Amino acid sequence: MRSRLVAGALCGALAVGGFSGCGIPERSEVRVDGRREPATESGAVNAWRKEPPTRTMSGADPAEFVRNFLSAAAGEPDRAYYRVKQFIAQEDKHRLQEKQGSEVELTVVRLTDKPVITPDIDSTKVTIKVEQVGVLRADGKLVPPVSTEKQYEFGLRSASPAGSADDGAGFFVIDPPNVLLLTDTALRDYYESQSIYFWNSDRTRLVPDQRYLPLTVPDERRLNEVVKWLVAGPSDWLRPGVVGLPDRTELINNATGGNGHWEVNLDMSGDDRARADQLVTQIAWSLPELEGQLELKVRNNSAVVKDLGERRSEWPLYRLREGPRRYCVYEDTIHPLDFAGEPSGTVPLTAEANRKVVSAGLARAGDGNQILAALVVTAGEGRQRLTVGTGQDPVTVFADGPEHTTIGRPVWLRATDPHQPQGLVVADGRLYRFDQSARMFQIVPNLPSGAVTAVAASLDGQRVALIAGGALYVAALNLDGGAVSIGPPRRVTTSLTNLTAVDWGDEERLIVAGSAGRPAIYEVSVDGALQTPLEDDTGAKVTHLAAYPTNPTTKLPSGAFMYEANGVSYRSGPVDRISRDQVLDVTPPPTGVRPGNPSAPFFLF
């Protein structure tokens, strides 16, 4: 089980009494491996178990009481209303109308300022200003927000009997909101961000789907919860790109296990053994800390018995043959970058093709020896053209696409047939699919009005991130029959505005450039719930950004990204300017001639 949360990368510590003005934590570029130790037997104690706060924990501190009230709904959903109502005055408990079972929903908000707590004679008024993040459902999905409320008001009164001086009695909430509120900070503190996996349409790749598991769930029940999620199917926005289990699949009794043996019993139709074997792979990666044998039964009959570690070795999530290599454009040609402690590469193109380059997207395909090269080149009179070539290193033959005024950084889709590769690119405010012949076909995503200005493809090749009209979206890709279509985009909430660039930082995180009062780069989860500043002042608008996404298969240093702002390129970890001395294979300029700047940095992997 992985949270893979970023230390401080998640929404924000609340600086005064736990709150900060923007709801974002102090900057940190250190990633934390959130793997949990597996349960070894039924009834094992969960060392990560974390209960939400109770009403009296804050004592006489109203700021802490408010923070605890906005965390009380956290935990297993069947007790959410009970926990919250412990904070509410008896005469006002009826104001919070209860829902049951799968209907329990938590309204997740991000505080945009410190709560305003105004004492009065008999009570205290509290006003919180918020950004709506989403709705956390009982099945662990965080779906887009329903409410448009930008602030909530409620009151506090002392819980001490009249005339008593007992400050330890704390407070009660009066006139409460009629929703279960949960801050993004509480989501970080009391849940584990959890990726579960579904097969793409041809069942050749696993695609992650983000969920949230309460830390109060005992270890022995974690397998059961994850299997229930897999049986219920993927998130709505991901459905166009993946397939679930056969219709009417149901879990028979609870999934159980311990001491290296785990058992799941399903009522599942269709080709039971084949589907059961595929489900074992899904479970193996959805619970990567689980070791030992998993026995999958279909209607009480053993269908598959498999060692989970062996299955993960047999089915790596991403078949990457080597780590990334850094490149940039310098004086209109692609050059490798050289950083201490990192391997550098060679340019996988002929010198004849490596000319007039503005930006590039390179990728490895097949067995890793095939190079996919998409170059944006100048075409004269202020125009640009996409030129595409594929083949063994070095690529020698290229095809030219149509001209446009402006073309963004092209990206390759890793889930497509390596013999018929395809990619995505933005040109003149429109999204296009391109092929190895540089033909461009417009894709019209179902977005609000506004030009598409950036696109990025996930490592699994089945999901994209888009910037349109200055806002951030994610969408699933359907690649059936070799065509590329895009599912309904989901808006991703972020405190950043006027977004300019995006790439994938890992399976469930995006690296996004925009404005937070000043030009900045944040890491944002695909559902918008968890975010952190990676660079809180880039000095100028970021016009180009590229990242190397970390993943559970390839164990390499995490968090690498590069960007360009105001004609100057930078690298992360820590953020530092990329100098001409770090560009390989360049000729020093003549005496008295000022050298150019590296531009459009990118990774090849």
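Computed from a predicted model, the values in this text were never measured in an experiment.
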- Could you tell me whether Asp209 and Arg211 have a side-chain N and a carboxylate O separated by less than 4.0 Å? yes
- Message: Ring-plane angle category for Phe603 and Tyr548, please: parallel below 30°, perpendicular beyond 60°, tilted otherwise.
- Response: tilted
- Task: Enter the distance from Leu279:CG to Leu266:CG here, rounded to the nearest 0.5 Å.
- Result: 6.0 Å
- Rounded to the nearest 0.5 Å, how far apart are CZ of Arg273 and CG of Asn301? 9.5 Å
- Message: Can a side-chain donor-acceptor contact be found between Asp480 and Ser201 if the only test is distance below 3.5 angstrom?
- Response: yes
- Task: Please confirm whether the backbone N or O of Ala284 pairs with a side-chain atom of Arg312, one donor and one acceptor, at under 3.5 Å?
- Result: yes
- Task: Rounded to the nearest 0.5 Å, what's the gap from CG on Leu206 to CZ on Arg203? Could you check?
- Result: 11.5 Å
- Query: Do the side-chain N and O atoms of Gln531 and Thr494 include a donor-acceptor pair separated by under 3.5 angstrom?
  - Reply: yes
- Message: Distance check, rounded to the nearest 0.5 Å: Ser195 atom OG versus Asp506 atom CG?
- Response: 8.0 Å
- Message: Do Gln210 and Ser193 pair up side chain to side chain, a donor and an acceptor below 3.5 Å, judged on atom types alone?
- Response: yes
- Would Trp315 and Trp199 satisfy ring-ring contact (aromatic ring centres under 6.0 Å, His included), going step by step from the backbone distance to the final call? CA-CA 12 Å; Trp315 273 97; Trp199 290 102; 5.2 Å; yes
- Can you find a pair of side-chain heavy atoms, one from Val512 and one from Ile521, that are under 4.5 Å apart? no
- Is a side-chain donor-acceptor pair under 3.5 Å present for Ser302 with Glu295? yes
- Query: In Å, rounded to the nearest 0.5 Å, how long is the span from CH2 of Trp412 to CD of Gln436?
  - Reply: 7.5 Å
- Message: Looking only at the side chains, is there a donor atom on one of Asn265 and Asn300 sitting less than 3.5 Å from an acceptor on the other?
- Response: yes
- Consider only side-chain N and O atoms of Asn254 and Thr256, and report whether a donor and an acceptor are under 3.5 Å apart. no
- Query: Using 4.0 Å as the upper bound for N to carboxylate O, is an ion pair formed by Arg299 and Asp267?
  - Reply: yes
- So, are Glu76 and Arg221 salt-bridged, with charged N and O less than 4.0 Å apart? yes
- Message: Please report the interatomic distance CG(Leu287) to CD1(Ile196), rounded to the nearest 0.5 Å.
- Response: 9.5 Å
- Query: Thr553 and side-chain contact (heavy atoms from CB on, under 4.5 Å): which partner among Leu317, Leu320, Leu459?
  - Reply: Leu317
- Do Arg311 and Thr281 have a side chain donor and acceptor closer than 3.5 Å? yes
- Message: Quick check: closest heavy atoms across Val179 and Thr107, and the distance to 0.1 Å?
- Response: CB-OG1, 3.8 Å
- Query: Hey, is CD on Gln442 packed in by over 12 heavy atoms from elsewhere, all under 6.0 Å?
  - Reply: yes
- Message: Working note: Gln462 + Asn200, criterion side-chain hydrogen bond (donor to acceptor under 3.5 Å, both in side chains); need CA distance, chi angles, decisive distance, verdict.
- Response: CA-CA 8 Å; Gln462 299 282 164; Asn200 65 351; 3.1 Å; yes
- Message: Could you check whether Lys141 pairs with Asp527 (Lys NZ or Arg NE/NH1/NH2 to Asp/Glu carboxylate O, under 4.0 Å)?
- Response: no
